[in-house]
Number of protein chains: 2
Amino acid sequence: MAVTLKDVARIGGVHVSTVSRAFSAPHLVNPATRERVLALARDLGYRPNRAARALSTRRTGNLGVVVADIANPFFPPLVKAAQERARERDHHVFIADTDEQADVEEEAVRSLAGQVDGLVLVSPRAPEQRIRELAAQVPLVIVNRRLRGLPCVLMDVGRGVGGAVALLAGLGHRDIALVSGPAASWTGRSAARAAASAAREHGPRVHRVGPYPPTEEGGAAAFGAVAAVGATAVLAHNDLVALGLLAAARDRGVPVPGRLSVVGVDDTPAARHTRPALTTVAMPTGDAGRAAVDLLLGGAGAGTVTLGTRLVERGSTGPAPSRPAQA
Amino acid sequence: MAVTLKDVARIGGVHVSTVSRAFSAPHLVNPATRERVLALARDLGYRPNRAARALSTRRTGNLGVVVADIANPFFPPLVKAAQERARERDHHVFIADTDEQADVEEEAVRSLAGQVDGLVLVSPRAPEQRIRELAAQVPLVIVNRRLRGLPCVLMDVGRGVGGAVALLAGLGHRDIALVSGPAASWTGRSAARAAASAAREHGPRVHRVGPYPPTEEGGAAAFGAVAAVGATAVLAHNDLVALGLLAAARDRGVPVPGRLSVVGVDDTPAARHTRPALTTVAMPTGDAGRAAVDLLLGGAGAGTVTLGTRLVERGSTGPAPSRPAQA
DNA sequence: GAGTTTGTTGCAAACGTTTGCAGTCTCATC
DNA sequence: GATGAGACTGCAAACGTTTGCAACAAACTC
């Protein structure tokens, strides 16, 4: 059905290898022949068969992106940017959604391994040792988790979180709750570290509560604990948790930011639309996607790229309530 | 590097064709040999090379999903469901983001064609004639657009929109604005048809305004026209447009739903989080993704699947304001 | 017990490319 | 005018599978 090298060769009166070279080693064929062949190929609508090419070159021209949950608004901008960059570099992109399950993740990597030149693992859930085993099968770039010796793209949530603590301190908050997510989360750990260090610098106390699931339900569930530690501001593990906290506050008649300031992480679209709009730490997800693809295709080795984050101030943060004790 | 059929055959003391058959035509090999070979293959970690298999069978085990913009919250649930279903059926999924450009879309289809068993085109932008040409190259399933003779998956926005008109009529609204999106949109056209027909049945007038871009900015821009036609309720082309209308209403001090009721289409996450929460028509995007994959792999031919939609009532709709003329 | 079926296996070609090698031709060089 | 170099092209093997065909043995059929 499809036009092959052989067809072009036959019609053009040359050998298949000449046609092949016209595409992949142009300097090895007579300019006149090359033009003739290329023109003919164009007219016939010839497209190289990538599977066949892969067989002989062991390079597929494909990439894969493995994410925990595409429906989570954090991922699509990353996938989009990665796909776009891959296209610029003439590669196609497989997508695999693991549904947050480590074993599905591993199986996805193994089954994709033979069909790609490399994989981008975003926030992988599998244990470190497993990931290292997988990295021996197929080139890997890890996003959002640090693994020594493997190429990683990290988003330094620390900067943004530190900024948030500074902002809150400036607004007079003395007690900040930090709602943590899954213990395995690299982002969560570095956020906690950054919060602690910024707190030392600026004065307020940071009360860690949790872990809670990184969902709205988790946020709602965390509200009680946040109130219990006497916090006037809360740093949520991510935007979803922050939204859950906002909903819980609304339900209980606690005004935001009047009585409680809330800060999220991720800057998902919902952060802009909820009321009050959510102050949050924006992650450079698009940059991360592009950087991951460049790392994979650039063959730059094990380099680690660290990208900055920034605080986006919206309506969910405000001056600390004057406390009765102070009045 | 990777283990091949040949390796398994050599170590197992049988011919490659026997190993091949142990996998793809088990009934043709002696049960004892088969078990032995399969066990050996497992131990060696053998994985069939899909590219090589594709070369000889002309079936790749891959699918592609082509979307206009993955970052648009409408698409990820569809992609997720499609990917999941494809995995169940042992297929991998390519993703292509066309950035809303018809020519990128076409190029994506052409360049993916050789590497997949079929493609799912979601809300394709290319002209009908082009799509038909592409369908001759590679099996296509179209989602969200009707093309006679091609397998399509449609989400019958009509049901939901009709429900919205009925709801509004029941709340006493007599003048409903319909903010339309791109003229080429099949969804938009059927929404308009359904609104008109429901209006005839339930009484209110429908005033069509637009077209406006299907974005928040578009919604904000449409506000003036909506007010100008004297509408007390508005059906937006999609949730983004509805959010833009909500923002514009807020800016102008028009209370929602007190003075204006707003209905969106898509039920994106932001619809739940904005205040007032948005009444909207929920699309069965997950079902659509699964149906598209089933259509592609089931070889069911040109069947068209139509899925229902339902109205999700939230806070942005309420009783029509009592008008001075009536008082 | 000759002929036929059935079950199991091996052989080899084919799928569409790439690429090392060798052949041919042209042209400059001494 | 032989020699060598360089440019171009063809040949054929290789990549890892699948699959039609043939070979063979064992088990039936009458």
Side-chain angles (χ1 to χ4, degrees), chain A residues 1-38 40-41 44-62 90 92 111-117 137-138, chain B residues 1-38 40-41 44-62 90 92 111-117 137-138:
Chain A
M1 198 72 224
V3 182
T4 73
L5 267 192
K6 208 192 284 187
D7 299 323
V8 180
R10 185 170 30 77
I11 300 178
V14 295
H15 196 263
V16 287
S17 54
T18 302
V19 183
S20 172
R21 280 190 274 252
F23 284 97
S24 40
H27 60 284
L28 288 181
V29 8
N30 184 313
T33 329
R34 188 204 316 151
E35 292 316 320
R36 195 162 53 79
V37 166
L38 291 181
L40 177 59
L44 294 176
Y46 167 71
R47 297 256 172 177
N49 177 322
R50 299 194 132 186
R53 179 178 284 181
L55 206 51
S56 103
T57 60
R58 324 191 129 264
R59 306 198 53 256
T60 62
N62 295 330
D90 196 28
H92 290 149
S111 78
L112 240 22
Q115 252 186 128
V116 299
D117 297 336
Q137 309 283 314
V138 55
Chain B
M1 196 72 227
V3 182
T4 73
L5 266 193
K6 208 191 287 187
D7 299 324
V8 180
R10 185 169 30 77
I11 301 178
V14 296
H15 196 264
V16 287
S17 54
T18 301
V19 184
S20 171
R21 280 190 275 252
F23 284 96
S24 39
H27 60 283
L28 288 182
V29 9
N30 184 312
T33 332
R34 188 203 317 150
E35 292 314 319
R36 196 163 53 79
V37 165
L38 291 181
L40 178 60
L44 294 175
Y46 167 71
R47 297 255 172 180
N49 178 322
R50 295 191 153 212
R53 179 178 284 182
L55 207 49
S56 92
T57 61
R58 325 193 128 264
R59 308 199 51 257
T60 62
N62 295 330
D90 196 28
H92 290 148
S111 77
L112 240 22
Q115 252 186 128
V116 298
D117 297 335
Q137 310 283 314
V138 55

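Only a predicted model underlies this, so the values are computations on that prediction, with no experimental measurement involved. Below, chains carry the letters A, B, ... as their sequence lines are ordered, and counting in each starts from 1.
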N/O (side chain, A:Arg58) to phosphate O (OP1/OP2, D:dG16) under 4.0 Å
yes
Out of D:dT17, C:dT17, C:dT18, whichever nucleotide has its closest atom nearest the side chain of B:Asn49:
D:dT17
From B:Asp117 atom CG to B:Thr57 atom OG1, the distance as rounded to the nearest 0.5 Å
8.0 Å
Rounded to the Å, how far apart are B:Arg34 CZ and C:dG7 P?
13 Å
Nearest listed nucleotide, side chain of B:Ser56, among C:dG16, C:dG10, C:dA14:
C:dA14
Need one value for B:Ser20: base, sugar-phosphate or nothing, where a base atom within 4.0 Å counts as base even if backbone is also close, heavy atoms only.
base
Closest of C:dT17, C:dG16, C:dT8 to the A:Leu5 side chain is C:dT17
Can you check nucleotides 20-28 of chain D for protein contacts, nitrogen or oxygen pairs under 3.5 Å, and list what you find?
residue : atom : partner : partner atom : Å
D:dG20  : O6   : B:Arg21 : NH1          : 3.4

Separation of A:Arg47 CZ from B:Gln115 CD (nearest 0.5 Å):
12.0 Å
Give me the atom names and distance for the closest heavy-atom approach of B:Gly114 to B:Thr60.
O-CG2, 4.2 Å
Looking only at heavy atoms, the pair that brings A:Tyr46 and A:Val3 closest together is CD1-O, 3.3 Å
What are the two closest non-hydrogen atoms of B:Arg50 and B:Gly61, and how far apart are they?
NH1-O, 3.2 Å
Considering only D:dT9, D:dT17, C:dG16, which nucleotide approaches the side chain of A:Thr4 most closely?
C:dG16
Contact class for A:Arg47 (heavy atom, under 4.0 Å): base, sugar-phosphate, or nothing?
sugar-phosphate
By nearest heavy atom, map A:Leu55 and B:Leu28 onto DNA chain C; which one lands nearer the 5' end?
B:Leu28
To check you understand the geometry: which heavy-atom pair defines the closest contact between B:Ala54 and A:Ala51, and what is its length?
CB-CB, 4.5 Å
Could you report the tightest heavy-atom contact between B:Val37 and B:Ala22, atom names first, then the distance?
CG1-CB, 3.9 Å
What's the closest nucleotide to the side chain of A:Thr18 if the choices are C:dT18, C:dG10, D:dG10?
D:dG10
Can you tell me how far CG of B:Leu112 sits from CG of A:Asn62, rounded to the nearest 0.5 angstrom?
8.5 Å
Watson-Crick and G-U pairing of DNA chain C written in dot-bracket, each distance under 3.5 angstrom, with | for inter-strand partners:
||||||||||||||||||||||||||||||
Please report, rounded to the nearest Å, how far the P atom of D:dC15 is from the CG atom of B:Asp7.
11 Å
Tell me: CG of A:Asn30 to C1' of C:dC27, nearest whole Å?
15 Å
Write down the distance between CZ (A:Phe23) and C1' (C:dT19), rounded to a whole number of angstrom.
17 Å
Please set out all donor-acceptor pairs under 3.5 angstrom arising from side-chain atoms of residues 9-19 of chain A, sequence neighbours excluded.
residue : atom : partner : partner atom : Å
A:Arg10 : NH2  : A:Asp7  : OD1          : 2.9
A:His15 : ND1  : A:Ser17 : N            : 3.2
A:His15 : ND1  : A:Ser17 : OG           : 2.9
A:Ser17 : OG   : A:Arg21 : NH2          : 3.4

Side chain of A:His15 only, please: which of D:dA12, C:dC11, C:dT19 is the nearest?
D:dA12
note: A:Lys6, atom NZ; D:dC11, atom P; distance rounded to Å ~ 13 Å
What's the spacing between A:Arg34 CZ and A:His27 NE2 if we round to 0.5 Å?
10.0 Å
Taking CZ from B:Arg59 and P from D:dT17, how many angstroms apart are they, rounded to a whole number?
17 Å
Hey, which of these two, B:Val16 or B:Thr57, hits DNA chain C nearer its 5' end, going by closest nucleotide?
B:Val16
